[in-house]
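This report concerns only the one structure given below.
For reference, positions follow the sequence shown, starting with 1. Small disclaimer: the values here were computed from a predicted structure and weren't measured.
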Amino acid sequence: MLSPVGLLPLAAAGVSVERLLAGARWMESVIRERKGEENPALFSAAVYSHYMLENPKPVQVWFGYGQGLDRMGEWWQQLWAESLGKRRPNALPIGQTPARAAGVTDQHSQVQLYQDGPADKLFTFVKWSEGKEEGAVPLLGKLPGMEILAGRPLRDLFDAEFEGTIGALWKAGRPIVRIEIGRRDEVHLGAFLQFWQWVTGLVGGIAGIDPFDQPGVEEGKIITRALMGEEGSADRRNRFRQAMDRRAPAGIRLRGKVGRGSGGSSRGGR
């Protein structure tokens, strides 16, 4: 994100690249100067590696509360999966599946699973400390049960939803990391990006893997180039096709026409 490949489209979209990099430089200085628990990257890496190595939770859920944080979660999801889904020197696999949830929407679609389902998840809650959720809940007259909302700022409701969801999961014994970002601007965003790059690299080092390579992704690219006819790839292409021909796949096909008297069919196929 902070390389020229990421910065060019951001600049084209009107983002202040200078302020973004200023925030990243500030976070870099904090990480390099502070010690122990005062170092945000070291402290966070210790927590996350604990839930990957010592008390493993195979899934981490990013719960973003605030405009833009769900899109930030997409970037984090790629970073966490690609950097840490590897094999350790003893050939045993390691990794944590990154999932995303958008607060407050996904409180109603996912939290039932998170609270009463398998205790196999670590939760990271993220919000802006100084959000831009503006406006107020309309005055609702004397509608029963709405007295606590009528006329209140939306920010009050948003913050209460954030705290309430954390509290419910905490009562259920779920591990939670809480992160608050100062303001929704380029400086704070740049610092946040730099923070996560450091944390991811440190967790990879603690796990004994290289967080900067992507052998699984490269294998798919090699096969793709062979299937597209890359020069010198005929043997690889033939071996791949022979291996695929030995599969015993099963599929589901849905067929039908929309209209009076029409029906659909589904069947398995080999």
Side-chain angles (χ1 to χ4, degrees), residues 1-10 24 41 44-64 70-102 110 118 120-124 177 192-254 268-270:
M1 181 71 81
L2 297 176
S3 68
V5 173
L7 294 175
L8 179 60
L10 289 175
S44 300
V47 172
Y48 285 115
S49 61
H50 171 76
Y51 286 108
M52 188 175 289
L53 300 172
E54 302 300 324
N55 181 15
K57 302 293 183 183
V59 179
Q60 183 184 165
V61 180
W62 165 293
F63 231 126
D70 190 48
R71 300 304 303 272
M72 277 296 302
E74 294 177 3
W75 171 82
W76 164 83
Q77 194 171 36
Q78 178 269 332
L79 176 73
W80 203 254
E82 187 173 72
S83 301
L84 302 178
K86 304 287 174 64
R87 290 191 178 273
R88 303 182 76 182
N90 59 7
L92 293 176
I94 190 173
Q96 196 174 53
T97 301
R100 288 181 293 113
Q110 299 182 29
D120 61 350
K121 301 171 187 68
L122 166 67
F123 297 88
T124 296
V177 176
F192 191 57
L193 293 171
Q194 189 72 358
F195 162 80
W196 271 112
Q197 291 181 147
W198 263 100
V199 171
T200 305
L202 289 169
V203 171
I206 294 169
I209 60 174
D210 182 355
F212 303 107
D213 67 357
Q214 49 178 16
V217 176
E218 290 302 321
E219 179 65 19
K221 292 179 180 178
I222 291 171
I223 295 172
T224 299
R225 290 197 297 268
L227 292 175
M228 294 298 293
E230 182 181 48
E231 184 177 355
S233 66
D235 288 344
R236 178 178 290 112
R237 181 168 59 252
N238 292 334
R239 289 195 302 271
F240 174 77
R241 287 175 172 167
Q242 290 170 6
M244 293 299 99
D245 289 342
R246 292 194 293 270
R247 294 181 304 165
I252 296 175
R253 299 181 178 88
L254 300 177
R270 288 178 61 85

Only distances under 3.5 Å count here; give the side-chain donor-acceptor pairs of residues 193-201 to other protein atoms, sequence neighbours excluded, each with its distance to 0.1 Å.
{"from": "Gln194", "atom 1": "OE1", "to": "Gln197", "atom 2": "NE2", "distance (Å)": "3.2"}
{"from": "Gln194", "atom 1": "NE2", "to": "Glu28", "atom 2": "OE1", "distance (Å)": "2.6"}
{"from": "Trp198", "atom 1": "NE1", "to": "Glu28", "atom 2": "OE1", "distance (Å)": "2.7"}
{"from": "Thr200", "atom 1": "OG1", "to": "Trp196", "atom 2": "O", "distance (Å)": "2.8"}

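- Formation of a donor-acceptor pair under 3.5 Å by the Ser83 side chain with backbone atoms of Trp80 is not found in this model.
- Between the side chain of Asn90 and the backbone N or O of Leu92, at least one donor-acceptor pair lies under 3.5 Å.
- The side chain to side chain contact (heavy atoms under 4.5 Å, CB included) with Val177 is formed by just one residue from the set Tyr51, Tyr48, Phe123; it is Tyr48.
- With sequence neighbours excluded, the residues that form a side-chain hydrogen bond (donor to acceptor under 3.5 Å, both in side chains) with Arg71 are Glu74.
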Pairs of donor and acceptor atoms involving the side chains of residues 227-235, under 3.5 Å and at least two apart or interchain, shall be tabulated with distances.
{"from": "Glu230", "atom 1": "OE2", "to": "Arg225", "atom 2": "NE", "distance (Å)": "3.3"}
{"from": "Ser233", "atom 1": "OG", "to": "Glu230", "atom 2": "O", "distance (Å)": "2.5"}
{"from": "Ser233", "atom 1": "OG", "to": "Arg237", "atom 2": "NH1", "distance (Å)": "3.3"}

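- Residues Ser49 and Ile206 approach most closely at OG-CD1, 3.7 Å, considering heavy atoms.
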task = Could you walk me through whether Leu53 and Arg88 pass side chain to side chain contact (heavy atoms under 4.5 Å, CB included), step by step?
result = CA-CA 11 Å; Leu53 300 172; Arg88 303 182 76 182; 3.8 Å; yes

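- A donor-acceptor pair under 3.5 Å is absent between the side-chain atoms of Gln60 and the main chain of Leu122, judged by distance alone.
- In this structure, the separation between CD on Gln110 and NZ on Lys121 is 10.0 Å, given to the nearest 0.5 Å.
- Side-chain contact between Trp62 and Pro98: absent, with no pair of heavy atoms (C-beta onward) separated by less than 4.5 Å.
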message = Quick one, Ile94 with Met52, criterion side chain to side chain contact (heavy atoms under 4.5 Å, CB included). Give me CA distance, side-chain angles, the key distance, then yes/no.
response = CA-CA 8 Å; Ile94 190 173; Met52 188 175 289; 4.0 Å; yes

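- To the nearest 0.5 Å, atoms CD (Glu218) and OG1 (Thr224) are separated by 10.5 Å.
- Pro215 is listed as a side-chain neighbour of Lys86, based on a closest heavy-atom distance under 4.5 Å.
- At least one donor-acceptor pair closer than 3.5 Å links the side chain of Arg247 to the backbone N or O of Met244.
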